[in-house]
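Residue numbers begin at 1 in each chain, while the letters A, B, ... track the order of the sequences.
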2 protein chains.
Amino acid sequence: MRALPPTTVARLPGYLRSLGGLASEGVTTTSSDQLAELVGASPAQLRKDLSYLGAGGRRGVGYEVDHLRRQIAQALGMTEERRVVIVGIGNLGQALAAYSGFADRGFVLVGLFDTDPALVGTEVGGHVVQHVDGLERAVEEQEASVAIVATPASAAQPTTDRLVSAGVTGILNFAPRTVRVPDGVDVREVDLGSELQILGFHARQRSGAAAPAEPAGPAVEPAPEPEPVPAAD
Amino acid sequence: MRALPPTTVARLPGYLRSLGGLASEGVTTTSSDQLAELVGASPAQLRKDLSYLGAGGRRGVGYEVDHLRRQIAQALGMTEERRVVIVGIGNLGQALAAYSGFADRGFVLVGLFDTDPALVGTEVGGHVVQHVDGLERAVEEQEASVAIVATPASAAQPTTDRLVSAGVTGILNFAPRTVRVPDGVDVREVDLGSELQILGFHARQRSGAAAPAEPAGPAVEPAPEPEPVPAAD
DNA sequence: GGTTGTGAATACTTTCACAGCG
DNA sequence: CGCTGTGAAAGTATTCACAACC
């Protein structure tokens, strides 16, 4: 088991969160059944995930909460400090800058950047907003390895390029545009619009929308094929 | 191919976005190669995804941009209006309330809710914040089918329960806690902390972290901090 | 010529079910 | 006994590669 499957990695933060909850309730030992219930996964999946970590569960007993927390935290690199900058201090950037969970996860916010002269120099979440002109320099000096991009769509790719060339290796992109990065750089895209649209898909399924060209079927009521909207804008 | 695979659904918003870009440049026809390049997917995957939709690509020619847009928009239910409420109007909730992409995607914001008396009655993003006491009533009256939860973690589950019982069938949860919903309700979890931690995992991989193995030994010591490696590569 | 649509092949993920150990 | 760890099975997703068609 050299590398963890990406799906496993994506679940670890949730496990860690639930383990924290257990710990704060004074629980010292847990089982795959209990933890699976908390995180909303299957016990088998949980055991498999944890087995990749070499988590030392004891048969007949379960897992030691504290030990498991340390192991997941280490797998996620939380034992090392990561320095993070945020670029784009609009509504969303400001909310992200105010996020209180950085420290708990080993992240230290070291800079906020924007182009808006009205914003530069103001303080947001305890940091003074700087002009993006100084982005590369600050990234290098501060040894930032992670960046959060919360710019308008049009600025996302250029901003990303600058961040990468300055040495950032992890990017969390909130701009509604997928950004390209070279090998060795990791991007995660988070897009409110896409998430809404995915919800919209399921809502449509539920609302009895027949599949396109799916005539066969029981006597469902005259499915209202939604009138084509006035077309594209 | 009854239903689209979830992975395909998750990619459709990105396709739609890129198609919009092409359309605004006056491009009327595209190919799986061109579109794949834009969205950062493989041409084969794109063709397979589009084939699930029954998108009428023409061999030797490609896809008609406008037709494809309409087809994806319909699959995503964008032709029907979805009414959405936001609960929790803190920093993040305010940023989400100000999001300008609702209308383009067929979503209409119909209510903002919070418990904070200092917030109730104020206007955010063109809407007056209401007290959550009136949540169920408003959801029913406004026929909201989608809710965005941006409350603190502790309020996420109770809020979700209330929303669901009032009739909401799609939830976008930004609170750092997975929420449980009954069958027939769709939840998407978006968590900044988790995303950061996933980035942290990859950063750790890169920084030459040794294999996680504690080869042998019953008692594991809690001091496995690896050597700090400053900016290799 | 070019490009789609798609079965087949490969890769990955989840679930099952039970051996193995405390 | 109870509960983990894990091979094997089942289920999904992606990629390949080429026939079909324009």
Side-chain angles (χ1 to χ4, degrees), chain A residues 1-12 14-15 19 22 27-68 71-72 75 178 198 201 211-213, chain B residues 1-12 14-15 19 22 27-68 71-72 75 178 198 201 212-220:
Chain A
M1 313 304 133
R2 280 225 75 77
L4 312 195
T7 47
T8 294
V9 173
R11 282 186 293 265
L12 292 181
Y15 297 168
L19 286 166
L22 287 174
V27 178
T28 61
T29 302
T30 189
S31 66
S32 59
D33 272 28
Q34 179 182 40
L35 192 50
E37 170 69 12
L38 283 173
V39 302
S42 78
Q45 177 166 84
L46 212 137
R47 289 202 299 279
K48 185 139 289 213
D49 284 344
L50 295 183
S51 81
Y52 289 131
L53 291 182
R58 284 207 296 280
R59 297 171 201 234
V61 179
Y63 301 90
E64 208 218 312
V65 171
D66 246 48
H67 180 237
L68 208 45
Q71 243 172 328
I72 296 177
T178 50
I198 295 167
F201 170 82
Chain B
M1 68 198 74
R2 205 113 194 72
L4 314 195
T7 47
T8 294
V9 175
R11 283 187 291 265
L12 292 182
Y15 297 168
L19 286 166
L22 287 175
V27 177
T28 61
T29 302
T30 187
S31 66
S32 60
D33 272 28
Q34 178 182 40
L35 190 51
E37 169 69 11
L38 283 174
V39 301
S42 76
Q45 177 166 83
L46 212 136
R47 288 202 300 275
K48 185 142 287 211
D49 284 343
L50 295 184
S51 80
Y52 289 132
L53 291 182
R58 285 207 299 277
R59 299 175 201 229
V61 179
Y63 301 91
E64 207 217 312
V65 171
D66 244 48
H67 180 238
L68 207 45
Q71 241 171 329
I72 296 177
T178 50
I198 295 167
F201 170 82
E214 297 286 331
V220 181

field: Distance-minimising heavy-atom pair for A:D49 and A:T8
entry: OD1-OG1, 2.6 Å

query: So does A:Y63 get a side-chain nitrogen or oxygen closer than 4.0 Å to the phosphate oxygens (OP1/OP2) of D:dG5?
result: yes

- line: dist B:L46:CG -> B:Y63:OH (nearest 0.5 Å) comes out at 6.5 Å

- prompt: What integer distance in Å separates A:L4:CG from C:dT14:P?
  reply: 13 Å

message: Could you walk me through whether B:L68 and B:L50 satisfy the side chain to side chain contact (heavy atoms under 4.5 Å, CB included) test, starting with their C-alpha distance in whole Å, then the side-chain angles of each, then the deciding distance to 0.1 Å, before giving a yes or no?
response: CA-CA 9 Å; B:L68 207 45; B:L50 295 184; 3.9 Å; yes

- prompt: When the C1' atoms of the five terminal pairs at each end define the local axes, what inter-axis angle does the helix from C:dG1-D:dC22 to C:dG22-D:dC1 show, to 10 degrees?
  reply: 10°

query: Picking from D:dA13, C:dT14, D:dT14, which would you name as closest to the side chain of B:Y52?
result: D:dT14

query: Separation of A:Q45 atom CD from C:dC12 atom C1', in whole Å?
result: 13 Å

task: Take the protein atom CD of A:Q71 and the nucleotide atom P of D:dG5, then report the distance between them rounded to whole Å.
output: 10 Å

query: Please give, in whole Å, the distance from C:dT15 C1' to A:D49 CG?
result: 12 Å

task: Using whole Å, report how far CD of B:E64 lies from P of C:dT4.
output: 14 Å

- request: Kindly compute the distance separating CD1 (B:I72) from CZ (A:F201), expressed to the nearest 0.5 Å.
  value: 12.5 Å

task: Taking B:E64 for its side chain and B:G57 for its backbone only, find out whether a donor-acceptor pair lies under 3.5 Å.
output: no

query: For B:T7, what residues pass the side-chain contact (heavy atoms from CB on, under 4.5 Å) criterion, not counting sequence neighbours?
result: B:P5, B:R11

Letter per nucleotide, 5' to 3', of nucleotides 16-22 of chain D [B base touched, S only sugar-phosphate touched, - untouched; heavy atoms, 4.0 Å]: BB-BBBB

Hey, can you pull the donor-acceptor pairs under 3.5 Å for the side chains in residues 33-45 of chain B, sequence neighbours left out?
residue: B:Q34; atom: OE1; partner: B:T30; partner atom: OG1; Å: 2.5
residue: B:E37; atom: OE1; partner: A:R180; partner atom: NH2; Å: 3.4
residue: B:S42; atom: OG; partner: B:Q45; partner atom: N; Å: 3.1

query: When we call it a touch if two heavy atoms are under 4.0 Å apart, what does B:P43 touch: a base, just sugar-phosphate, or nothing?
result: nothing

- line: Heavy atoms of B:A75 and B:L12 approach each other most closely as CB-CD1, 4.4 Å

task: Strictly below 4.0 Å, heavy-atom distances to any atom of DNA chain D: list the hits from residues 27-40 of chain A, or just say none.
output: A:S31, A:S32

query: Within this structure, what is the CG-to-C1' distance between B:L50 and C:dT6, rounded to whole angstrom?
result: 14 Å

- prompt: Does A:S32 have any side-chain hydrogen bond (donor to acceptor under 3.5 Å, both in side chains) partners at least two apart in sequence or in another chain, and if so, which?
  reply: A:R47

- request: Taking the side chain as every heavy atom from C-beta outward, state whether A:T28 and A:D66 have any atom pair closer than 4.5 Å.
  value: no

- request: Output every pair passing salt bridge (Lys or Arg N to Asp or Glu O under 4.0 Å) with a member in residues 51-63 of chain A, not counting sequence neighbours, ordered by first then second residue.
  value: none

statement: Sorted by chain and residue number, the side-chain hydrogen bond (donor to acceptor under 3.5 Å, both in side chains) partners of B:T178 (sequence neighbours excluded) come out as none

message: Output the rounded distance in Å from CG (A:L46) to P (C:dC16).
response: 15 Å

message: What contact category does B:A55 fall into here, base, sugar-phosphate, or nothing, at under 4.0 angstrom with non-hydrogen atoms?
response: sugar-phosphate

- request: Looking only at side-chain atoms of B:T7, point me to the closest of D:dA13, D:dT15, C:dT14.
  value: D:dA13

